[in-house]
Amino acid sequence: MAGSTAKTQLIDMLTISNQRVIDWFTAISAEDFFIRYGEAWSASDNVDHLIKSHQPLAKALKLPKITIRAMFGKPQRPSLAYEELCQAYLEEIARGAQASGRYLPDQENPSSASETRKRQLIDQFSKVSAQLVSVMEKWEDNELDEYLLPHPILDKLTIREMLFFTIYHNLRHASQEGD
């Protein structure tokens with residue numbers, strides 16, 4: 001995948017990765033969904049973290065572009081390719097970077113109605129991920145390389161890079177390896 005991955009392809013990849021999250025976590029039983037093993041996050045923690053990652057991105061992408069430019073500047077380099085962005089993220093993780101602040105999950109542990117709470121979390125992810133796809137459809141392909149947003153680990157990323165990250169982040173959390 002090149003840095004110039006077309007917007008339509010990016011939206012397809014984002015939609016597929018969002019569905020992967022929904023399918024992956026739906027398949028986990030309600031009784032296992034909230035269980036933590038040592039320091040590892042539970043499935044519910046992972047879904048909550050992904051919700052907290054998608055919400056500010058969807059919100060930021062709804063801002064007027066002039067506001068985004070004024071707040072975060074203009075890119076001084078071309079967008080990285082998907083593989084380059086993933087590698088940069090993995091290098092930061094290897095150096096000890098991890099989720100913090102508003103991106104940390106609430107770490108719920110409901111004693112009853114866990115099936116209901118599980119469904120609520122997955123539905124919330126489904127809604128916010130659909131909002132992100134919807135707002136992305138309003139952006140022009142060339143604009144994805146012309147605006148920056150802050151990333152808590154990777155500094156400022158172009159919109160295209162932020163989408164690459166979101167796709168990879170979804171797939172990383174909805175897998176056996178996890179994050």
Side-chain angles (χ1 to χ4, degrees), residues 10 14 17-18 20-22 24-25 28 33-65 67-77 79-80 82 84-110 114 117-136 139 144 147-179:
L10 274 170
L14 181 60
S17 73
N18 288 339
R20 163 72 186 243
V21 168
I22 293 164
W24 178 265
F25 290 107
I28 298 171
F33 192 72
F34 296 93
I35 295 175
R36 278 177 215 88
Y37 297 96
E39 295 295 312
W41 287 354
S42 68
S44 67
D45 296 337
N46 280 277
V47 174
D48 189 40
H49 170 69
L50 290 172
I51 291 165
K52 289 176 176 181
S53 298
H54 279 61
Q55 282 174 330
L57 179 56
K59 185 177 180 181
L61 292 174
K62 291 178 187 176
L63 291 171
K65 291 176 181 72
T67 303
I68 295 172
R69 174 71 41 82
M71 290 174 73
F72 306 113
K74 185 174 181 168
Q76 300 300 311
R77 58 167 177 75
S79 292
L80 297 174
Y82 177 83
E84 293 172 309
L85 189 279
C86 295
Q87 187 59 41
Y89 176 66
L90 289 172
E91 288 170 7
E92 290 302 317
I93 296 296
R95 286 196 263 278
Q98 57 186 3
S100 62
R102 69 180 179 174
Y103 300 103
L104 289 173
D106 291 335
Q107 297 202 321
E108 297 179 52
N109 201 359
S114 57
R117 184 61 187 133
K118 173 189 168 190
R119 175 60 25 221
Q120 289 171 341
L121 279 168
I122 292 172
D123 288 349
Q124 190 177 358
F125 174 80
S126 180
K127 181 180 177 186
V128 73
S129 66
Q131 289 171 348
L132 180 56
V133 169
S134 176
V135 73
M136 278 316 311
W139 282 70
L144 302 179
Y147 294 87
L148 294 169
L149 287 174
H151 185 279
I153 293 174
L154 296 170
D155 198 26
K156 291 180 184 173
L157 299 179
T158 66
I159 306 303
R160 188 177 310 277
E161 291 168 337
M162 194 65 84
L163 292 173
F164 284 156
F165 171 79
T166 302
I167 292 162
Y168 179 73
H169 192 230
N170 280 347
L171 297 174
R172 188 169 163 96
H173 279 277
S175 71
Q176 206 59 37
E177 296 79 40
D179 219 358

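Hydrogens, waters and symmetry mates play no part in the numbers below; they use all other heavy atoms, side chains included.
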[atom1]-[atom2] distance between [X] and [Y], expressed to the nearest 0.5 angstrom:
| X | Y | atom1 | atom2 | answer |
| --- | --- | --- | --- | --- |
| Gln55 | Gln131 | CD | CD | 8.0 Å |
| Tyr82 | Tyr168 | OH | OH | 7.0 Å |
| Ser129 | Leu57 | OG | CG | 11.5 Å |
| Glu91 | Arg95 | CD | CZ | 5.5 Å |
| Leu154 | Met162 | CG | CE | 8.5 Å |
| Phe165 | Thr158 | CZ | OG1 | 13.5 Å |

- Is the gap between the ring centers of His169 and His49 under 6.0 Å? yes
- Task: Please collect all salt bridge (charged side-chain N to carboxylate O under 4.0 Å, His left out) contacts where either partner lies in residues 46-58, sequence neighbours excluded, each pair once.
- Result: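 Of all non-adjacent pairs touching residues 46-58, those that pass salt bridge (charged side-chain N to carboxylate O under 4.0 Å, His left out) are Asp48-Lys52, Lys52-Asp106.
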Determine whether [X] and [Y] make a side-chain contact, defined as any pair of heavy atoms from C-beta on separated by less than 4.5 Å.
| X | Y | value |
| --- | --- | --- |
| Leu157 | Leu80 | no |
| Trp24 | Asn46 | no |
| Ile93 | Arg172 | yes |
| Phe25 | Leu121 | no |

Looking at [X] and [Y], what are the two nearest heavy atoms and their distance?
| X | Y | result |
| --- | --- | --- |
| Ile68 | Leu148 | CG2-O, 3.3 Å |
| Ala43 | Ile28 | CB-CD1, 3.7 Å |
| Asn170 | Ser17 | ND2-OG, 3.0 Å |
| Phe34 | Ser44 | CD2-OG, 3.2 Å |

- Working for side chain to side chain contact (heavy atoms under 4.5 Å, CB included), residues Arg117 and Phe33: CA-CA 10 Å; Arg117 184 61 187 133; Phe33 192 72; over 6 Å; no
- Item | Candidate pair Met136 and Leu144, rule side chain to side chain contact (heavy atoms under 4.5 Å, CB included), full reasoning | CA-CA 9 Å; Met136 278 316 311; Leu144 302 179; 3.3 Å; yes
With no hydrogens and no angle check, is any side-chain donor or acceptor of [X] less than 3.5 Å from a backbone partner on [Y]?
| X | Y | answer |
| --- | --- | --- |
| Lys156 | Phe72 | yes |
| Gln76 | Lys74 | yes |
| Glu92 | Ala97 | no |

- Item | Which residues share a ring pair (Phe, Tyr, Trp, His ring centres under 6.0 Å) with Trp139, sequence neighbours left out | Tyr147
- Task: Any chance you could lay out the side chain to side chain contact (heavy atoms under 4.5 Å, CB included) test for Trp41 and Leu104, step after step, and finish with the verdict?
- Result: CA-CA 10 Å; Trp41 287 354; Leu104 289 173; 4.1 Å; yes
- Just checking, any donor-acceptor pair under 3.5 angstrom between side chains of Ser126 and Asp123? no
- Message: If you apply the rule side chain to side chain contact (heavy atoms under 4.5 Å, CB included), what do you find for Arg160 with Phe164, and how did you get there?
- Response: CA-CA 6 Å; Arg160 188 177 310 277; Phe164 284 156; 4.0 Å; yes
- Message: For Lys127, I'd like to know if atom NZ has over 12 heavy atoms of other residues, nucleotides or ligands within 6.0 Å.
- Response: no
